[in-house]
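Read through the structure below, which is laid out as structure tokens, and then see the notes.
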Amino acid sequence: MEFDPATIKHLGVQMYSTLPPVISELIANAWDAGASKVEIVIPEDRVTDSSVIVAHDNGDGMSDEEIRQSYLLVGRDRRQVEGKGERSAAPFRRYMGRKGLGKFSGFGIARQIEVESVKESTASRFVMDYDELEAAANKRVAQFDPLPATGNIDKGTRITLRRIEKFRKRAVSIGSLRRHIARRFAVIDEDFQVIINGDPITPEERDLKSLLARDVNGDPYIWNFDEEISPGTGWRVKGWIGALPHSSSADDGIQRGISIMARGKLVQEPFWFETSAGQQYALAYLIGELTADFVDEEEDTVGTARTSLVWDTESNTTLLEWGAGKVKRVSRNWSEKRRYDNLKQLEDAPVYKDFIKATEGSEHKRSRRVAEKLVRAAVGNNLVADDDEARSIVKSCIDFLEFDAFWEIAEEVSETELKDPAQLIALFREWEIVEAKEMSRVTRGRIATIEKLEGMITNNALEVPDLHNFFKEFPWALDPRWHLVADEVRYSRLLREQFPDSALPEKDRRIDFLCVAEGGTLVVVEIKRPHSVATAKELGQIRDYIIFLRGLFQRSTDDAYRPSNVVGYLFCGSVSNDPAVAVEMDMLRATQIYVRQYSDLLGMVKESHREFLERYEDLKKIQNK
């Protein structure tokens with residue numbers, strides 16, 4: 001096999017660090033091979049040295065010649081080479097694969113990939129070893145010796161992953177894996193079966209429509225689409241957006257957001273088309289699936305990891321704008337529809353009947369009318385999440401019914417239509433403000449994370465493992481615009497080769513984090529302790545890393561897998577007062593290498609969550625009164 005190490009290590013392997021995308025690539029390959037089924041075997045206990053992951057399909061299989069000239073050709077675009085986007089023999093299908101990197105996805109979790117393929121009764125078997133690929137990096141050629149056939153397969157291809165590095169401390173969640181796979185493919189049916197540990201994934205497992213909330217007439221909360229997003233372009237989108245009964249994925253295990261499919265496979269993981277937080281209540285309920293085949297037709301606009309789109313093309317920008325408009329419209333419609341249903345259901349609800357019974361003998365007739373209006377508005381305007389909160393409103397109305405000061409405010413509110421939940425603050429001082437409570441429910445985890453980061457900075461947390469593990473779990477704390485693709489483990493070998501033992505101490509021979517920013521920019525992140533002082537030494541280190549990686553990618557033979565840019569960030573407590581360091585920082589800044597202090601980082605994180613934090617603090621003040 002002739003290969004470029006940058007292609008395999010950085011833009012292939014690094015994009016597949018979790019199990020669902022790895023298995024998805026093996027399933028996509030089986031589909032392209034014309035298989036009617038692919039059987040996946042996953043260890044159900046914690047992985048040991050002898051554990052294996054197996055994917056066996058009954059597709060076409062590959063001859064020795066096809067393996068040499070096609071399968072082992074890195075970055076081969078089957079659609080371009082063969083001059084068509086679909087199979088020429090039965091079963092006639094449109095190809096899912098494109099970049100030719102899926103075969104290496106297994107290296108994201110294992111060190112060895114065994115391939116055994118049978119075509120026309122002739123078997124071929126060999127093993128690709130990641131260590132051998134690294135050793136052959138300078139030659140850019142690796143040879144895999146043929147092995148005798150096992151005799152265990154009659155047709156198709158079997159991929160076996162050995163020396164698995166993941167799942168050593170906790171077992172694979174088979175149920176979670178099945179849900180991920182079911183939502184990644186729209187082609188799983190009786191003609192293409194995906195079987196995991198002997199149990200086929202059923203079409204019902206990906207039928208999220210059956211889980212949608214239903215209105216008072218029993219109809220699901222769903223909005224269907226089938227339209228051309230820009231007249232005359234042929235850019236057509238089909239699919240649906242729906243609303244679930246609950247706002248938290250903890251209640252049903254379903255990731256919120258709208259996914260995008262192309263050629264029957266996921267190309268954009270669930271998201272909300274970058275809509276603003278203004279629709280946050282609705283977004284917590286919305287899911288959906290849209291098919292937009294044009295994103296993977298003439299022009300490849302799917303990211304290397306095949307789980308997100310590249311948005312800087314004309315068609316995808318149009319799709320993003322179209323989707324944002326639809327999400328906003330659905331959010332408004334959902335709110336109106338839910339208000340109507342809530343009021344219909346309220347009339348028969350025991351909590352409402354209790355209110356009528358408790359207040360029917362009150363001497364404050366006007367107060368009762370205002371109280372009833374408040375109850376109906378709070379429930380109808382979706383200001384309550386469940387029956388418990390509705391009961392809290394009713395109890396507050398009953399408790400405050402005789403207080404003149406309370407009703408002076410209530411009478412003012414009664415003269416205007418109640419829309420702003422903040423109007424309830426003055427009325428229900430013993431009740432948790434519903435808007436703030438809903439806000440806090442959504443953001444409580446991030447608030448706790450921000451507080452944890454603040455404590456780690458104050459206490460000068462250790463770089464390894466404390467800070468490293470923290471940012472690995474919460475990469476948005478580094479910068480919300482960055483997507484973490486790798487941590488320091490995968491680049492240690494490269495840096496040991498680049499920097500000899502005499503140049504850098506052991507603890508410095510690594511890159512802490514590798515992220516992807518907008519436009520395909522690769523972001524190299526180096527972290528120091530919160531009370532550290534950056535000197536010329538630290539600046540030189542991050543500079544050498546960036547120079548090294550830029551040179552590495554410039555030597556890549558394929559522009560399609562080369563990042564648009566490589567930038568660097570050094571996180572530290574403060575910077576040395578040495579004038580030479582200031583000069584060096586200015587020079588580095590001009591080459592897109594930056595120094596960011598933890599105090600600035602904390603300020604940035606707090607500012608990005610300022611609205612959430614302010615409303616959360618308001619809630620706590622009211623609760624403490």
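The first residue of the sequence shown is numbered 1, and numbering continues consecutively from there.
- The minimum heavy-atom distance linking L467 with K528 is given by the pair CD1-O, 3.6 Å.
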- For the pair R179 and E205, evaluate salt bridge (charged side-chain N to carboxylate O under 4.0 Å, His left out) and give the outcome as yes or no after the intermediate values. CA-CA 7 Å; R179 287 193 296 271; E205 287 184 79; over 6 Å; no
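- Contact check for V187 versus K265: no side-chain heavy atoms found under the 4.5 Å cut-off.
- Checking side-chain atoms of T18 against main-chain N and O of P20 turns up no donor-acceptor pair under 3.5 Å.
- Comment: K155 does not engage D60 in a salt bridge, judged by the lack of any side-chain N to carboxylate O separation of less than 4.0 angstrom.
- Put simply, the side chain of I287 reaches to within 4.5 Å of the side chain of L212, judged on heavy atoms.
- Interatomic distance, D199 CG to I196 CD1, rounded to the nearest 0.5 Å: 8.5 Å.
- The six-membered or imidazole ring of Y285 lies away from that of W272, with a centre-to-centre distance of 6.0 Å or more.
- Taken to the nearest 0.5 Å, the CG atom of N58 stands 10.0 Å off from the OG1 atom of T157.
- For the atom pair CD1 (I53) and CG (L26), the distance works out to 9.0 Å, reported to the nearest 0.5 Å.
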- Task: Verify side-chain hydrogen bond (donor to acceptor under 3.5 Å, both in side chains) between S124 and D64, making sure each step is shown before the conclusion.
- Result: CA-CA 6 Å; S124 301; D64 274 351; 2.3 Å; yes
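- Minimum interatomic distance between R168 and V47 (heavy atoms only, all atoms of both residues): CD-O, 3.5 Å.
- In this structure a side-chain-to-backbone donor-acceptor pair under 3.5 Å is missing from N316 to D312.
- Listed for the R87 side chain is a donor-acceptor partner under 3.5 Å among the backbone atoms of P91.
- Using a 4.5 Å heavy-atom cutoff, the side chains of Y569 and L478 are not in contact.
- Using a 4.5 Å cut-off on side-chain heavy atoms (C-beta onward), F192 and R93 make contact.
- To the nearest 0.5 angstrom, I181 atom CD1 is 6.5 Å from I23 atom CD1.
- Between the side chain of S176 and the backbone N or O of S173 there is no donor-acceptor pair closer than 3.5 Å.
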- Take E526 and F571 through the test side-chain contact (heavy atoms from CB on, under 4.5 Å) and record every step on the way to the result. CA-CA 6 Å; E526 180 71 10; F571 288 84; over 6 Å; no
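- Counted within 6.0 Å of CZ on R46, heavy atoms from surrounding residues, nucleotides or ligands total 12 or fewer; the atom is thus considered open.
- Residues S117 and E66 form no side-chain contact, since every pair of their non-hydrogen atoms from C-beta on lies 4.5 Å or further apart.
- At most 12 heavy atoms of other shown residues, nucleotides or ligands fall within 6.0 angstrom of atom CG in D45.
- Taking 4.0 Å as the cut-off between side-chain N and carboxylate O, R163 and E165 do not count as a salt-bridged pair.
- Looking at heavy atoms from C-beta onward, I159 lies in side-chain contact with I113 at the 4.5 angstrom threshold.
- A 4.5 Å side-chain heavy-atom check between S315 and F294 finds at least one atom pair inside the cut-off.
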- Kindly indicate, with the supporting measurements, whether the criterion side-chain contact (heavy atoms from CB on, under 4.5 Å) is fulfilled by T291 and V237. CA-CA 6 Å; T291 295; V237 174; over 6 Å; no
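- Annotation for S105 and E25: closest pair OG-CB, 3.6 Å, computed over non-hydrogen atoms.
- Residues V295 and A262 share a closest heavy-atom pair of CG2-CB, 3.8 Å.
- When every heavy atom of L244 is checked against every heavy atom of L211, the shortest pair comes out as CD2-O, 3.5 Å.
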- Message: Quick one, Q143 with E132, criterion side-chain contact (heavy atoms from CB on, under 4.5 Å). Give me CA distance, side-chain angles, the key distance, then yes/no.
- Response: CA-CA 9 Å; Q143 179 172 318; E132 292 180 7; over 6 Å; no
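- Among the candidates R162, Q112, R111, the single residue satisfying the side chain to side chain donor-acceptor pair (under 3.5 Å) test with D129 is Q112.
- Side chain of D32 to main chain of Y95: no donor-acceptor pair is present (N/O by atom type, distance under 3.5 Å, no hydrogens or angles).
- Taking the six-membered ring for Trp, F471 and W482 have ring centres at least 6.0 Å apart.
- Every salt bridge (charged side-chain N to carboxylate O under 4.0 Å, His left out) that D293 has, sequence neighbours left out, goes to R94.
- With salt bridges taken as basic N to acidic carboxylate O contacts below 4.0 Å, none links K238 and E289.
- Within the model, atoms CG of L133 and CG of D131 stand 9.0 Å from one another, a figure rounded to the nearest 0.5 Å.
- Note that the CD atom of Q193 and the OG atom of S36 stand 7.5 Å from one another [nearest 0.5 Å].
- Figure legend: cation-pi geometry between K103 and Y71, with NZ or CZ positioned under 6.0 Å from the six-membered ring centre and within 45° of its axis.
- The aromatic rings of F107 and Y130 sit tilted relative to each other, their planes meeting at an angle between 30° and 60°.
- R158 pairs by the salt bridge (charged side-chain N to carboxylate O under 4.0 Å, His left out) definition with E116, not counting sequence neighbours.
- Looking at every heavy atom in both residues, L19 comes nearest to V172 through CD2-CG1, 3.7 Å.
- Side-chain contact between S210 and E204 is absent, with no heavy atoms from C-beta onward closer than 4.5 Å.
- The aromatic rings of F513 and H468 lie parallel to each other, with less than 30° between the two planes, well short of the 60° mark.
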